[in-house]
Q: 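Let me give you the structure first, and then I'll get to my questions.
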Amino acid sequence: MHKGKGMKFVGDSRVSAERKSTIPKDYSEYPGRTEAFWPNFLLKEWLVGSVFLVGFLSLTLAHPSPLEGVADPTTPGYIPLPDWYFLFLYQLLKYKFASQAYVLLGVIVIPGLAFGALLLAPFLDNGPGRRPHQRPIAVGMMILGLASVIWLTYESAAAVDWEQRAEANKPIPASSVEIDKEDPGYAVFESNCLACHGEDLSGGAAGPSLIGTEYSAEEIADIAKNGIGSMPADQFKGTEEELQQLVDFIMSVNEQAK
Amino acid sequence: MLQKVYDWIDERVDITPIWRDIADHEVPEHVNPAHHFSAFVYCFGGLTFFVVVIQILSGMFLTMYYVPDIENAWKSVYYLQTQVAHGQIVRGMHHWGASVVIVMLLLHTLRVFFQGAYKKPRELNWIVGVLLFFIMLGLGFTGYLLPWDNKAYFATEVGLNIAGEVPFIGDYLKTLLAGDVEIVGAQTLTRFFAIHVFFLPGALFALMAVHFILIRRQGISGPL
């Protein structure tokens with residue numbers, strides 16, 4: 001770079017007044033078949049980006065993002081779960097050697113060593129060779145770490161019944177449903193269903209919310225008598241008339257919630 | 001006309017070197033999937049950036065409706081999800097983008113690692129990249145609380161308790177994040193909002209700038 005006396009600038013700025021040639025080096029000075037980034041290669045990147053975007057938007061449309069009921073610290077028996085990419089850390093704390101008396105091992109030491117090594121990888125693996133077989137220790141450690149993360153995530157996720165979880169925690173705007181406790185159906189509900197499905201039909205630890213259910217009246221009557229999924233049969237003990245009142249009541253609450 | 005405008009600006013601010021750094025350079029053969037299909041692994045970094053841009057844009061639109069307050073946070077998200085035109089799509093993009101960006105980051109990290117591309121002289125850029133990964137995880141953690149639903153609340157409580165286990169500074173760390181040693185509440189939500197929307201994105205932009213400047217200065221690592 002030209003410096004010192006005799007340099008001319010634009011006004012009092014530091015921009016050089018002399019026009020330097022800015023023609024790029026000839027392509028032949030680069031090895032192999034190079035390509036100009038602008039605009040040739042950028043156009044290809046653009047195409048890859050478009051295909052990616054279509055896939056991404058399809059995912060977004062096919063699976064609306066989940067939203068559970070409003071946060072309520074008094075919810076009984078709620079099993080907390082972090083986002084999937086934190087599951088491995090969460091699962092680690094469930095092992096005996098990483099919890100209770102050894103919790104520091106699970107919270108600081110193991111993740112600290114793993115992520116510290118990742119951060120300092122260029123200094124730990126400082127040999128000249130770049131090919132994986134030239135640095136077996138670094139590559140081995142990475143594969144081991146990766147395998148543990150995948151295994152821990154799998155262990156954690158496999159133990160969860162995701163569909164049941166989503167079903168039990170559907171969002172209900174609190175204000176929109178008023179339960180008519182004078183309804184004869186509510187008395188039937190109180191003596192047969194309340195223990196699991198909650199005082200305001202919003203579900204509990206053992207049963208999902210009955211508000212927002214997609215079952216028809218006949219199906220609800222059938223479920224009350226014969227059970228479904230983890231719900232045992234014969235939960236409803238009463239007459240046909242009471243069953244009718246119960247179903248009408250649940251349907252009317254759902255009608256209101258729409 | 002356009003050339004004249006360019007020349008006028010260039011005479012005063014000398015933009016040609018900047019333009020060359022950003023756009024006018026060579027793409028070597030070994031990273032070009034048009035020549036070697038396996039070079040698609042070099043797309044992961046760019047796609048990560050692409051998803052980050054999606055996150056920034058969708059996040060900006062989300063803040064038009066979101067209210068960081070325990071009374072209204074969930075209601076505003078529910079309203080956005082059920083009433084606002086295309087609100088479900090914008091929130092969906094932000095939600096799924098948060099997962100996709102982690103996947104792309106992981107793939108990009110693995111590509112760089114297994115090619116040994118972090119070796120001299122690129123050690124610094126690897127460190128910046130790993131810090132970017134941490135920031136992204138921080139964004140995921142703080143963003144998870146913001147809808148203020150049960151899932152968010154209980155997961156955050158667990159996360160904060162884990163932070164509280166850190167020796168000596170555990171309680172301070174918890175107070176810094178949540179506003180209180182015990183309570184996960186109104187202050188926690190506003191603090192997580194501030195961290196998610198201002199602090200971490202600020203650090204993210206600064207580190208991304210360093211990451212890209214270093215790439216341009218050092219060039220892409222050569223073929224194996």
Side-chain angles (χ1 to χ4, degrees), chain A residues 10 13 15-16 22 24 27 30-38 41-42 44-45 48-49 52 56-57 59-61 63-65 67-73 75 78 80-86 90 93 103-104 107-108 118-119 121-123 126 128-132 135 139 142 169 171 173, chain B residues 11-14 16-17 20 23-30 32 34-35 43 46-47 50 54 74-75 77-78 81 88-89 91-93 95-96 99-100 102 113-119 123 126-127 130 137 140-141 144 147-155 157-159 162 165-167 224:
Chain A
V10 176
S13 77
V15 175
S16 170
T22 52
Y27 284 24
Y30 291 89
R33 288 168 289 179
T34 58
E35 188 172 20
F37 175 77
W38 175 275
F41 191 70
L42 189 65
K44 289 177 190 163
E45 286 197 335
V48 172
F52 183 84
F56 180 71
L57 284 177
L59 171 74
T60 307
L61 290 175
H63 298 278
S65 53
L67 180 67
E68 296 192 348
V70 64
D72 177 6
T75 310
Y78 190 90
L81 265 192
D83 224 346
W84 64 268
Y85 43 86
F86 288 119
Y90 187 61
L93 297 174
V103 71
L104 279 187
V107 170
I108 304 261
L118 185 74
L119 186 67
F123 304 103
N126 55 7
R130 277 181 54 199
R131 290 162 195 274
R135 43 199 189 97
V139 168
M142 181 54 124
N169 293 295
Chain B
E11 194 200 348
R12 283 157 184 80
V13 282
D14 199 16
T16 298
R20 284 203 63 191
D24 196 6
H25 55 263
E26 300 297 313
V27 178
E29 177 184 337
H30 73 282
N32 192 337
H35 295 311
C43 287
L47 288 176
F50 185 54
I54 290 178
W74 186 85
K75 285 181 196 161
V77 176
Y78 188 81
Q81 185 90 354
Q88 195 179 46
I89 294 174
R91 180 163 176 260
M93 287 175 79
H95 171 88
W96 288 109
S99 289
V100 172
I102 298 283
F113 182 87
F114 284 110
Q115 290 193 340
Y118 55 60
K119 292 191 175 258
E123 299 97 326
W126 169 267
I127 290 183
V130 175
L137 290 176
F141 178 66
Y144 202 58
W148 200 248
D149 57 359
N150 260 337
K151 183 175 65 175
Y153 177 87
F154 286 99
E157 202 182 24
V158 172
I162 292 174
E165 296 282 356
V166 177
L224 274 176

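In what follows, chains are A, B, ... by sequence order, proteins preceding strands, each numbered from 1.
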Q: Can you tell which of B:W74, B:Y153, B:Y78 makes a side-chain contact (heavy atoms from CB on, under 4.5 Å) with A:V70?
A: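 Per the side-chain contact (heavy atoms from CB on, under 4.5 Å) rule, the option paired with A:V70 is B:W74, out of B:W74, B:Y153, B:Y78.
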Q: Got A:L118 and B:W126 here, is their nearest side-chain heavy-atom distance under 4.5 Å?
A: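 A:L118 reaches B:W126 side chain to side chain.
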Q: How many angstroms lie between atom CD of B:E26 and atom CZ of A:F41, to the nearest 0.5 angstrom?
A: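 Taking CD in B:E26 and CZ in A:F41, the distance rounds to 12.0 Å.
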Q: In Å, rounded to the nearest 0.5 Å, how long is the span from CG of A:L61 to CE of B:M93?
A: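 So the CG of A:L61 and the CE of B:M93 are separated by 9.5 Å.
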Q: Which word best sums up how the rings of A:F52 and B:F50 line up, parallel for under 30°, tilted for 30 to 60°, or perpendicular for over 60°?
A: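 Ring orientation, 0 to 90° scale: perpendicular.
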Q: Could you report the tightest heavy-atom contact between B:P167 and A:L104, atom names first, then the distance?
A: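 Heavy atoms of B:P167 and A:L104 come nearest at CD-CD2, 3.5 Å.
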Q: Identify which of B:P147, B:G92, B:G46 forms the greatest number of heavy-atom pairs closer than 4.5 Å to chain A.
A: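 Between B:P147, B:G92, B:G46, the count favours B:G92.
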Q: Identify which part of A:V139 has an atom lying under 4.5 Å from any heavy atom of chain B, answering side chain, backbone, both or neither.
A: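 Contact with chain B: backbone and side chain both.
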Q: Below 4.5 Å from any heavy atom of chain B, which atoms of A:P128 appear? Answer side chain, backbone, both or neither.
A: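 Contact with chain B is through the backbone of A:P128 alone.
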Q: Measure A:I108 against the heavy atoms of chain B and call it side chain, backbone, both or neither at under 4.5 Å.
A: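 Side chain of A:I108 only, per the 4.5 Å heavy-atom cut-off to chain B.
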Q: Out of B:N32, B:I162, B:D14, B:V13, which one racks up the most heavy-atom pairs below 4.5 Å with chain A?
A: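 Option with the top pair count is B:N32.
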Q: So which of A:V107, A:L67, A:V10 has the biggest tally of heavy-atom pairs under 4.5 Å with chain B?
A: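 Of A:V107, A:L67, A:V10, A:L67 has the most heavy-atom pairs under 4.5 Å with chain B.
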Q: Among B:A152, B:G140, B:A117, B:G159, which residue has the highest count of heavy-atom pairs closer than 4.5 Å to chain A?
A: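 With the most close heavy-atom pairs to chain A, the winner is B:G140.
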Q: If you round to the nearest 0.5 Å, how far is CZ of A:R130 from CG of B:L224?
A: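 It is 4.5 Å, given to the nearest 0.5 Å.
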Q: Side chain, backbone, both or neither: which part of B:A23 has a non-hydrogen atom closer than 4.5 Å to chain A?
A: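 Both backbone and side chain of B:A23 come within 4.5 Å of chain A.
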Q: Provide the closest heavy-atom pair for B:Q88 versus A:P64 in the form atom of the first, atom of the second, distance.
A: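 Smallest interatomic distance, heavy atoms only, reads NE2-CB, 3.4 Å.
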Q: Name the region of A:L57, side chain, backbone, both or neither, that has any atom closer than 4.5 Å to a heavy atom of chain B.
A: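 Side chain of A:L57 only, per the 4.5 Å heavy-atom cut-off to chain B.
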Q: Measure B:K119 against the heavy atoms of chain A and call it side chain, backbone, both or neither at under 4.5 Å.
A: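 Answer is side chain: those atoms of B:K119 sit under 4.5 Å from chain A.
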Q: Taking B:N150 for the side chain and A:D72 for the main chain, is one N or O donor matched with an acceptor at less than 3.5 Å?
A: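 Checked: pair present.
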Q: Checking heavy atoms, do the side chain of B:I102, its backbone, both or neither come under 4.5 Å from chain A?
A: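 The answer is the side chain of B:I102.
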Q: Using a cut-off of under 4.5 Å for heavy-atom pairs, which of B:K151, B:E123, B:H95 has the most such pairs with chain A?
A: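 Top option by heavy-atom pairs under 4.5 Å: B:K151.
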Q: Among B:E11, B:R12, B:E157, B:Q115, who wins on heavy-atom pairs under 4.5 Å with chain A?
A: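 Looking at each of B:E11, B:R12, B:E157, B:Q115 in turn, B:Q115 comes out on top.
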Q: Checking B:Y118 against chain A: side chain, backbone, both or neither under 4.5 Å from a heavy atom?
A: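 Both the backbone and the side chain of B:Y118 come within 4.5 Å of chain A.
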Q: Among A:G69, A:G129, A:P132, which residue has the highest count of heavy-atom pairs closer than 4.5 Å to chain B?
A: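 Winner by heavy-atom pair count: A:G69.
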Q: So which heavy atom on B:C43 is nearest to which on A:V48, and how close?
A: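 That would be SG-CG1, 4.5 Å.
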Q: In terms of heavy-atom proximity below 4.5 Å to chain A, should B:I54 be classed as side chain, backbone, both, or neither?
A: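 Side chain only.
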Q: Quick one: sort the A:F86 and B:F141 rings into parallel, tilted or perpendicular, breaks at 30° and 60°.
A: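 Ring orientation of A:F86 relative to B:F141: perpendicular.
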Q: Given a strict heavy-atom distance threshold of 4.5 Å, which part of B:Q81 is in contact with chain A: side chain, backbone, both, or neither?
A: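 Just the side chain, heavy atoms under 4.5 Å.
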Q: Are B:I127 and A:F123 packed together at the side-chain level, in the sense that at least one heavy-atom pair is separated by less than 4.5 angstrom?
A: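 Of all side-chain heavy-atom pairs linking A:F123 with B:I127, at least one is under 4.5 Å.
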Q: Is any side-chain heavy atom of B:V158 closer than 4.5 Å to one of A:P82?
A: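 They are not in contact (no side-chain heavy atoms under 4.5 Å apart), so the answer is no.
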Q: Going by side-chain hydrogen bond (donor to acceptor under 3.5 Å, both in side chains), name the residues that satisfy it together with B:S99, two or more places apart in sequence or in a different chain.
A: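 B:S99 satisfies side-chain hydrogen bond (donor to acceptor under 3.5 Å, both in side chains) with A:W84 only.
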Q: Measuring heavy-atom distances to chain A, does B:V100 have an atom under 4.5 Å in its side chain, in its backbone, in both, or in neither?
A: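 The side chain, not the backbone.
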Q: Under a 4.5 Å cutoff for heavy-atom pairs, which residue among A:D83, A:L93, A:N169 has the most contacts with chain B?
A: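 Greatest number of close heavy-atom pairs with chain B: A:D83.
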